[in-house]
Amino acid sequence: MCAVFGLIDYEKVFSTKQREQILRVLSKECEVRGTDATGFAFNSRNELKIFKRPAPAHKMHLHLSEDSNIILGHTRMATQGYKQKNFNNHPFFGDAGDERFALAHNGVIYNDEKLRKELEIPPSNIETDSYIAVQILEKLGELSEKSLAEMAGKVSGSFVFTLLDRHNNSYFVKGDNPLALYHFKAGFYIYASTNSILNQALNALGLGKFPYEEVHSNCGDILKIDNQGRLTRSRFQYNGYSHYPYAFGYNTFNDRIGLIRLNQYAERCGVDAFYIDLLLEYGYTVEEIEDLICVPNAIEMAVEEVLYEFDYCGEW
């Protein structure tokens with residue numbers, strides 16, 4: 001369980017200090033989905049840079065240069081790859097042909113070792129399952145909607161990938177994990193893993209009152225937002241968990257990996273495992289429960305409603 005977030009200030013609406021404040025607030029709101037590590041990618045003086053540490057967002061001090069107007073971020077809940085080895089944390093550098101990029105991932109990839117063998121990808125000291133996406137793009141030798149579609153079609157698991165290249169183009173590869181992306185008419189985009197996180201950040205920043213349009217995306221979408229704010233879309237064939245042996249008979253979100261991921265996240269947030277089991281049995285999806293955990297008292301309210309209905313009806 002992790003969070004992706006970022007700012008695409010293509011019209012350079014904000015000052016450097018304002019951008020830093022936006023990222024500070026946004027990253028702190030994303031702590032509900034991970035506090036093991038925090039990272040940022042941005043271009044500065046014609047060079048793509050990554051700043052990441054094995055620390056929660058509220059302990060990070062991001063310093064941007066004046067020309068750093070597009071920033072990609074990630075907060076991590078470590079499930080594979082020791083967080084104190086900072087190279088295991090997101091974002092990751094990649095070089096596809098002559099294009100340097102940074103990549104961050106929210107989700108779990110479970111066929112990474114299999115793909116390394118099939119594609120004859122050499123071993124790496126990076127232990128995180130997410131890194132296979134970088135390695136596939138490097139193997140393909142280019143960063144494009146076509147190579148992103150091929151990469152996304154090979155990995156199995158849950159994901160949203162976000163990427164930033166050295167030309168300040170942003171990419172979003174949407175699997176079955178959530179993504180909230182808002183386009184403000186003034187000339188910038190802000191995004192986060194969930195609407196609740198993004199809305200809380202905007203309210204804290206006083207930006208929620210300004211006109212914006214939500215950019216909707218579906219599973220299988222690839223969005224590219226270039227450095228001028230122009231958005232284009234393409235598609236890929238989503239495989240998800242199609243080759244994973246379902247142990248619970250649930251759909252994509254509620255398979256074994258999703259449940260393990262949810263239970264780890266719930267434990268980190270201090271949510272009783274009984275509540276998770278109760279809501280799953282009642283019919284909530286893993287994604288819905290994830291969103292509830294992000295909102296204070298929402299889990300308790302949902303459980304109260306379920307228990308009330310059970311008491312009233314005697315069964316469900």
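We number each residue from 1, following the sequence as shown. The shown structure was predicted, so the numbers you read here are calculated from the model rather than taken from an experiment.
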**Message:** Under a 3.5 Å distance rule, please check whether Asn199 uses its side chain to pair with a backbone N or O of Asn195 as donor and acceptor.
**Reply:** yes
**Asked** When clusters are formed by joining ILVMFWY residues with side-chain heavy atoms under 4.5 Å apart, either directly or through shared neighbours, do Leu7 and Leu26 land in the same one?
**Response** yes
**Asked** Ignoring hydrogens and geometry, is there a side-chain-to-backbone donor-acceptor pair from Ser147 to Leu140 under 3.5 Å?
**Response** no
**Asked** For Asn227, does its backbone N or O pair with a side-chain atom of Asn169 as donor and acceptor, under 3.5 Å?
**Response** yes
**Message:** Do Arg116 and Glu113 have side chains that approach each other closer than 4.5 Å (heavy atoms only, starting at C-beta)?
**Reply:** yes
**Item:** Nearest heavy atoms of Ala57 and Thr38, plus distance in Å
**Value:** N-OG1, 3.1 Å
**Glu66, CD: over 12 other non-hydrogen atoms inside 6.0 angstrom** = no
**Request:** May I have the step-by-step check of side-chain contact (heavy atoms from CB on, under 4.5 Å) for Gln18 and Gln21, ending in yes or no?
**Result:** CA-CA 5 Å; Gln18 287 173 326; Gln21 175 64 5; 5.6 Å; no
**Asked** Going hydrophobic residue to hydrophobic residue with side-chain gaps under 4.5 angstrom, can you get from Tyr131 over to Leu137?
**Response** yes
**Prompt:** Any ion pair linking Arg235 and Asp221 (charged N to carboxylate O, less than 4.0 Å)?
**Reply:** yes
**Prompt:** To the nearest 0.5 Å, how far apart are CE in Met301 and CD1 in Ile299?
**Reply:** 11.5 Å
**Item:** Student check: side-chain heavy atoms of Glu300 and Val303 closer than 4.5 Å
**Value:** no
**Item:** Non-hydrogen side-chain atoms of Arg33 and Ser193 separated by less than 4.5 Å
**Value:** yes
**Item:** Flag, side chain of Asn89 to backbone of Ala37, donor-acceptor distance under 3.5 Å
**Value:** no
**Verdict with supporting geometry, Arg233 and Leu231, side-chain contact (heavy atoms from CB on, under 4.5 Å)** = CA-CA 7 Å; Arg233 294 176 182 265; Leu231 186 150; 3.8 Å; yes
**Prompt:** Taking Asn69 for the side chain and Lys12 for the main chain, is one N or O donor matched with an acceptor at less than 3.5 Å?
**Reply:** no
**Prompt:** Is there a side-chain contact between Lys52 and Phe92, using heavy atoms and a 4.5 Å cut-off?
**Reply:** yes
**Request:** Decide side-chain contact (heavy atoms from CB on, under 4.5 Å) for Leu223 and Leu181; before the verdict, give the C-alpha distance in whole Å, the side-chain angles of both, and the deciding distance to 0.1 Å.
**Result:** CA-CA 11 Å; Leu223 308 182; Leu181 172 63; 4.0 Å; yes
**Request:** Measure across Val173 and Leu148 and return the closest heavy-atom pair with its distance rounded to 0.1 Å.
**Result:** CG2-CD2, 4.1 Å
**Message:** I want to know whether Phe159 and Tyr238 have ring centres closer than 6.0 Å.
**Reply:** yes
**Ion pair check, Glu99 and Arg166, cut-off under 4.0 Å** = yes
**Item:** Connected via hydrophobic side-chain network under 4.5 Å: Phe93 and Ile132
**Value:** no
**Request:** Would you tell me whether Ser130 and Thr128 have side-chain atoms, one donor and one acceptor, within less than 3.5 Å of each other?
**Result:** no
**Asked** Near Gln84 CD, under 6.0 Å, is it more than 12 heavy atoms from other residues, nucleotides or ligands?
**Response** yes
**Prompt:** Does a sphere of radius 6.0 Å around CD in Glu118 hold more than 12 heavy atoms from other residues, nucleotides or ligands, not counting ones at 6.0 Å or beyond?
**Reply:** yes
**Request:** Could you tell me whether Asn46 atom CG has more than 12 heavy atoms of other residues or ligands within 6.0 Å of it?
**Result:** no
**Item:** Interatomic distance, Ile71 atom CD1 to Glu20 atom CD [nearest 0.5 angstrom]
**Value:** 9.0 Å
**Asked** If we only count heavy atoms from C-beta on, is the Phe101 to Tyr171 side-chain gap below 4.5 Å?
**Response** no
**Prompt:** Side chains of Gln135 and Ile126: does their closest heavy-atom pair fall under 4.5 Å?
**Reply:** no
**Item:** Shared hydrophobic cluster, Ile121 / Phe161 (ILVMFWY, side-chain heavy atoms < 4.5 Å)
**Value:** yes
**Message:** With a 3.5 Å distance limit and no angle check, can you tell me whether Asp129 reaches the backbone of Val108 through a side-chain donor-acceptor pair?
**Reply:** no
**Message:** I'd like to know whether Asn88 forms a side-chain contact (heavy atoms from CB on, under 4.5 Å) with Lys83, so could you lay out the CA-CA distance, the side-chain angles of the two residues, the decisive distance to 0.1 Å, and finally the verdict.
**Reply:** CA-CA 6 Å; Asn88 284 325; Lys83 67 177 182 179; over 6 Å; no
**Prompt:** Ring centres of Tyr182 and Tyr212 under 6.0 Å apart?
**Reply:** yes
**Heavy-atom pair of closest approach, residues His183 and Phe188** = CD2-O, 3.5 Å
**Request:** Kindly compute the distance separating OG1 (Thr285) from CG (Leu279), expressed to the nearest 0.5 Å.
**Result:** 10.5 Å
**Message:** I want to check something: taking the side chain as every heavy atom from C-beta on, are Phe42 and Lys49 in contact at a cut-off of under 4.5 Å?
**Reply:** yes
**Prompt:** Roughly how far, to the nearest 0.5 Å, is the CD1 atom of Ile197 from the OG atom of Ser27?
**Reply:** 11.0 Å
**Message:** Students often mix this up, so state it plainly: with edges at 30° and 60°, are the rings of Phe51 and Phe40 parallel, tilted or perpendicular?
**Reply:** parallel
**Prompt:** Do Val32 and Thr194 touch side chain to side chain, with heavy atoms closer than 4.5 Å?
**Reply:** no
**Prompt:** For Lys154 and Asn111, which heavy atoms make the closest approach, and how far apart are they?
**Reply:** O-ND2, 3.1 Å
**Asked** Between Tyr189 and Tyr10, what is the ring plane arrangement, given parallel below 30°, perpendicular above 60°, and tilted in between?
**Response** tilted
**Request:** Return yes if some donor-acceptor pair links the side-chain N/O of His90 with the main-chain N/O of Arg76 below 3.5 Å, else return no.
**Result:** no
**Message:** Just verifying a value: how many Å separate Asp9 CG and Leu64 CG, rounded to the nearest 0.5 Å?
**Reply:** 11.0 Å
**Prompt:** If you count the non-hydrogen atoms of other residues, nucleotides and ligands that lie under 6.0 Å from OH in Tyr82, is the total more than 12?
**Reply:** no
**Which atom of Tyr191 lies closest to which atom of Gly73, heavy atoms considered** = OH-N, 4.4 Å
**Prompt:** Under a single-linkage definition using a 4.5 Å side-chain heavy-atom cutoff for Ile, Leu, Val, Met, Phe, Trp and Tyr, are Phe14 and Phe5 assigned to the same hydrophobic cluster?
**Reply:** yes
**Prompt:** Salt bridge between Lys28 and Glu31, side-chain N to carboxylate O under 4.0 Å?
**Reply:** no
**Lys17 side, atom NZ; Arg24 side, atom CZ - distance, nearest 0.5 Å** = 8.0 Å
**Complete:** Nearest heavy-atom contact between Ala41 and Leu164 is O-CD2, 3.6 Å
